[in-house]
Amino acid sequence: MANGQWFPPDWPERIRAHADGTLTPVAPKRAATVMLLKDAGSGPVVHMLRRRASMAFAGGAYAYPGGGVDPRDDDRHVRWAGPTRAWWAERLGVDGTEAQAIVCAAVRETYEEAGVLLAGPAADSVVGDTTGDDWEADRAALVARETSFAEFLDRRGLVLRSDLLGAWARWITPEFEPRRYDTWFFVAALPEGQRTRNASTEADRTVWIRPADAAASYDEGELLMMPPTIATLRQLLPYGTAAEALAAAPARDLTPVLARARLVDGEVVLSWPGHDEFTRHIPAGGGPA
């Protein structure tokens, strides 16, 4: 492997099964992930975590805080600030209840996995330090799904600050994967007074890293990443500050990116439309080339 593209060992077999029609795709689950940024002397840095090598999916790969939607966030009233649910529905290409759940997932997962909370007591404020024992108890209850995000906000007297998020991209796990996610990628800036920590049981390391440095390490095969991670990382390269990236988010194209697997002259060609660097050729009976 010349670069750090993560490629599961069972993909060739599954891709061939999908290409010849013997594999039935599973429906993707909704998910959200957040590229958390802060400004450093040489430009913005992004918060990334390394998935534990023991993880069945993408073990050892670097990713952003994120995870699946909690279905309770579709229909429960969530204390909300910033653009309306209708605005988010149009932006994300879903209905209003789904938009609320996806935005909630982005904010909740960032809190669960990085200890950073994009919420405040009012529409123009954000909480400060969230590292105390009482905050940790709340975070653990969210992780265990013992409390919903709406209940957490209500008890704390907080509103979700949807204006602190920018929708950046949307990727759907390939149809031949047994675990599939329809994932919306967001950008956000680290709120003043808060700090990240490795709060995820799925990660063994976290880093703040310049997008250019992370991309270079991927190109050299030193950092392992899935295609959506390195693709969105490269898209951050033009921006000199976190605010510039956030300002660019409303113009981003959210057309879903979905890998295609097709048979060409006896081999399987795996490609991601618009992202030629990830194309793989899989000869009959062999692994990716």
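The figures here come from the full heavy-atom set of this structure, side chains too, leaving out hydrogens, waters and symmetry mates.
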Exactly one candidate in V94, T33, V34 meets side chain to side chain contact (heavy atoms under 4.5 Å, CB included) with W184; the answer is V94
Identify the heavy atoms of [X] and [Y] that sit nearest to each other, and give their distance.
X: P211; Y: P44; answer: CD-O, 3.3 Å
X: D124; Y: R161; answer: C-NH1, 3.6 Å
X: R170; Y: L92; answer: NH1-O, 3.8 Å
X: W135; Y: T130; answer: CB-O, 3.3 Å
X: R180; Y: I172; answer: NH2-CG2, 3.4 Å
X: A248; Y: Y239; answer: CB-OH, 3.4 Å

Rounded to the nearest 0.5 Å, how far apart are [atom1] of [X] and [atom2] of [Y]?
X: L233; Y: S217; atom1: CG; atom2: OG; answer: 10.0 Å
X: W168; Y: Y64; atom1: CH2; atom2: OH; answer: 10.0 Å
X: D70; Y: E109; atom1: CG; atom2: CD; answer: 9.5 Å
X: L224; Y: T229; atom1: CG; atom2: OG1; answer: 9.5 Å
X: D154; Y: R79; atom1: CG; atom2: CZ; answer: 5.5 Å
X: Y218; Y: L223; atom1: OH; atom2: CG; answer: 10.5 Å

Is it true that, when you exclude [X] itself, more than 12 heavy atoms of the residues, nucleotides or ligands shown sit nearer than 6.0 Å to its [atom1]?
X: E222; atom1: CD; value: yes
X: D133; atom1: CG; value: no
X: E13; atom1: CD; value: no

Determine whether T206 and R197 satisfy the following criterion, side chain to side chain contact (heavy atoms under 4.5 Å, CB included), listing intermediate values before the conclusion. CA-CA 8 Å; T206 62; R197 58 193 176 91; over 6 Å; no
Kindly say whether the aromatic ring centers of F149 and Y111 come within a distance under 6.0 Å. no
Has the side chain of [X] got a donor or acceptor atom that lies under 3.5 Å from a matching backbone atom of [Y]?
X: R50; Y: A61; result: no
X: T22; Y: A17; result: yes
X: E177; Y: P174; result: no
X: D74; Y: A101; result: no
X: S162; Y: A81; result: yes
X: R91; Y: A167; result: yes

Is there side-chain contact between [X] and [Y], with at least one heavy-atom pair below 4.5 Å?
X: F152; Y: L117; value: yes
X: P178; Y: V26; value: no
X: E136; Y: T131; value: no
X: W80; Y: Q100; value: yes
X: H275; Y: P227; value: no
X: C104; Y: L160; value: yes
X: P121; Y: V159; value: no
X: I102; Y: W88; value: no

Would [X] end up clustered with [Y] when hydrophobic side chains under 4.5 Å apart are linked, directly or stepwise?
X: L237; Y: I230; value: no
X: M225; Y: V187; value: yes
X: F185; Y: L258; value: no
X: V116; Y: L49; value: no
X: M35; Y: L190; value: no

Between [Y] and [X], is there a salt bridge with N-O shorter than 4.0 Å?
X: D219; Y: R234; answer: yes
X: R195; Y: D129; answer: yes
X: R30; Y: D73; answer: no

CA sep, side-chain torsions, deciding dist, call: L236, L37, side chain to side chain contact (heavy atoms under 4.5 Å, CB included): CA-CA 10 Å; L236 293 174; L37 305 172; 4.0 Å; yes
Tell me which one of R156, R76, R72 satisfies side chain to side chain donor-acceptor pair (under 3.5 Å) with E151. R76
Carefully, step by step, assess R179 and Y181 under the rule side chain to side chain contact (heavy atoms under 4.5 Å, CB included). CA-CA 7 Å; R179 298 181 183 89; Y181 297 94; 4.3 Å; yes
Evaluate the side chain to side chain contact (heavy atoms under 4.5 Å, CB included) criterion for residues Y62 and R205: first the C-alpha distance (whole Å), next the side-chain angles of each, then the deciding distance (0.1 Å), finally the verdict. CA-CA 9 Å; Y62 280 78; R205 184 187 183 211; 2.6 Å; yes
